[in-house]
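Read the structure below first, then the notes.
Below, chains carry the letters A, B, ... as their sequence lines are ordered, and counting in each starts from 1.
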Number of protein chains: 2
Amino acid sequence: MGSRLEQICIERGLKMTEQRRTICRVLSDSNDHPDVEQVYRRASAIDAKISIATVYRTMRLLEESNVIRKHDFGDGRARFEEHSDDHHDHLMDINSGEVIEFTNEAIEKLQEEVAKKLGYKLIGHKLELYGVKIK
Amino acid sequence: MGSRLEQICIERGLKMTEQRRTICRVLSDSNDHPDVEQVYRRASAIDAKISIATVYRTMRLLEESNVIRKHDFGDGRARFEEHSDDHHDHLMDINSGEVIEFTNEAIEKLQEEVAKKLGYKLIGHKLELYGVKIK
DNA sequence: TTATATGCAAAGCTTTTGCGCTGGC
DNA sequence: GCCAGCGCAAAAGCTTTGCATATAA
């Protein structure tokens, strides 16, 4: 049967192909934040015939459909994760590179206030914290 | 006489060439967050012979020397500003690409609280807002 | 003088796209 | 059957780099 993400795609009314099903399965099975190359490699292990152009096109489709979320961690390529209902930001351990997800409603509210005060409607934001573990 | 940024470069012990002086002057005169292409065009107006490769190389040098700061606002190219002591974050107009600087103490405080709650000491952060102008 | 910087053009990397063919629905 | 999706390869956009020449210290 289909993966969790495949179900979401169907709910969103997306046309499902074998390649899209493969990519959804790969993403459902991933617990990290893979880039396109990694998704492509993992998908190739299931379907050796898949094209990287299809991976790019599908990642874009899934992102536009809010099935996945795209991140730019500054290393030159996009990285992705499943789109969860709760919005979360990231805290990076600058020693280990580990990424921790967190949510904070108060910060979100303040961001909107800041934007409004400057005459803008907030469309999106990027918040990354960098820290070291307290022993 | 030299530009403000040129003085800083000299203090940092950087070898100064005519091209680097030109780029420093351009950056000193810029109040926005230009990308390499813009710096190149502005520099070309002063020295038509300058190469974009030199601009790229110089921007990297200046960034590594903490003379300027590099930003990635997610539009695929790097943008730069003078490295100032006061910390500020950015709001980007997703229609015009214009970047507005702001500071917000309350958000900074909350970020520290979040990090602490997760067992981390906050070392740095990156906050970017994306919005559209309210008419 | 001599190492370093520059200019030019080529190449690298990620991502997108044109086009003819395949395959969902 | 038809239109959307796919694979392939070419190209686009930003950035880096190899090499011969020019220049700062």
Side-chain angles (χ1 to χ4, degrees), chain A residues 2 5-7 9-26 33-65 67-80, chain B residues 2 5-7 9-27 33-65 67-80 97:
Chain A
L5 245 51
E6 182 185 339
Q7 296 310 319
C9 288
I10 292 167
E11 285 168 25
R12 300 275 207 282
L14 299 181
K15 181 174 174 179
M16 293 312 289
T17 65
E18 198 199 316
Q19 291 88 338
R20 291 183 181 175
R21 253 177 241 116
T22 299
I23 292 168
C24 281
R25 162 176 288 267
V26 164
H33 296 69
D35 59 35
V36 168
E37 191 66 32
Q38 290 172 304
V39 174
Y40 174 55
R41 280 206 303 275
R42 294 172 194 177
S44 296
I46 301 174
D47 170 12
K49 296 261 180 279
I50 203 166
S51 156
I52 195 162
T54 296
V55 178
Y56 271 106
R57 280 191 274 237
T58 302
M59 298 311 275
R60 179 146 67 142
L61 173 74
L62 296 184
E63 198 219 336
E64 286 168 351
S65 305
V67 176
I68 60 176
R69 203 175 256 147
K70 182 181 185 174
H71 290 288
D72 174 14
F73 290 139
D75 51 1
R77 62 231 140 100
R79 297 175 61 171
F80 300 86
Chain B
L5 245 50
E6 182 185 339
Q7 297 308 319
C9 287
I10 291 166
E11 286 166 25
R12 301 274 207 283
L14 299 181
K15 180 174 175 179
M16 292 312 289
T17 64
E18 199 200 315
Q19 291 87 338
R20 290 183 181 176
R21 252 176 240 116
T22 300
I23 291 167
C24 281
R25 163 177 286 269
V26 164
L27 293 172
H33 296 69
D35 57 36
V36 169
E37 190 65 32
Q38 289 172 304
V39 174
Y40 174 56
R41 280 206 302 275
R42 294 172 195 178
S44 296
I46 302 174
D47 170 13
K49 296 264 178 280
I50 203 166
S51 156
I52 196 164
T54 296
V55 178
Y56 271 105
R57 281 191 276 238
T58 302
M59 298 310 276
R60 178 147 67 146
L61 173 73
L62 297 184
E63 198 220 335
E64 286 168 351
S65 305
V67 176
I68 59 176
R69 208 175 252 148
K70 181 181 186 175
H71 291 287
D72 174 13
F73 292 136
D75 51 2
R77 64 229 140 103
R79 298 175 63 169
F80 300 87

*dG7(C) base / Arg57(B) side chain donor-acceptor hit below 3.5 Å*: yes
*Are any of Tyr56(B)'s side-chain N or O atoms less than 4.0 Å away from OP1 or OP2 of dT15(D)?*
yes
*Out of dC8(D), dG7(C), dC6(D), which nucleotide sits closest to the side chain of Ser51(B)?*
dG7(C)
*Please check the phosphate of dA22(D) (OP1 and OP2 only) for any side-chain N or O of Gln19(B) closer than 4.0 Å.*
no
*Taking the side chain of Lys15(A) as its heavy atoms from C-beta onward, which of dA24(D), dC25(C), dT14(C) lies nearest to it?*
dC25(C)
*Which of these nucleotides, dT15(C), dT17(C), dT6(C), is closest to any side-chain atom of Ala53(A)?*
dT17(C)
*Exercise: identify the closest heavy-atom pair between Met59(A) and Val39(A)*: CE-CG2, 4.0 Å
*Where is the tightest heavy-atom contact between Tyr40(A) and Ile50(A), given as atom of each residue plus distance?*
CE1-O, 3.4 Å
*To the nearest Å, how far apart are Asp47(A) CG and dG5(D) P?*
17 Å
*Choosing from dT17(C), dT17(D), dG5(D), which nucleotide comes nearest the side chain of Arg60(B)?*
dT17(D)
*Salt-bridged, Asp72(B) to Lys70(B), with N to O below 4.0 Å?*
no
*Within the structure shown, what part of the strands sits under 4.0 Å from Ile52(B) by heavy-atom distance: base, sugar-phosphate, or nothing?*
nothing
*Does Thr17(B) put a side-chain nitrogen or oxygen below 4.0 Å from OP1 or OP2 of dT6(C)?*
yes
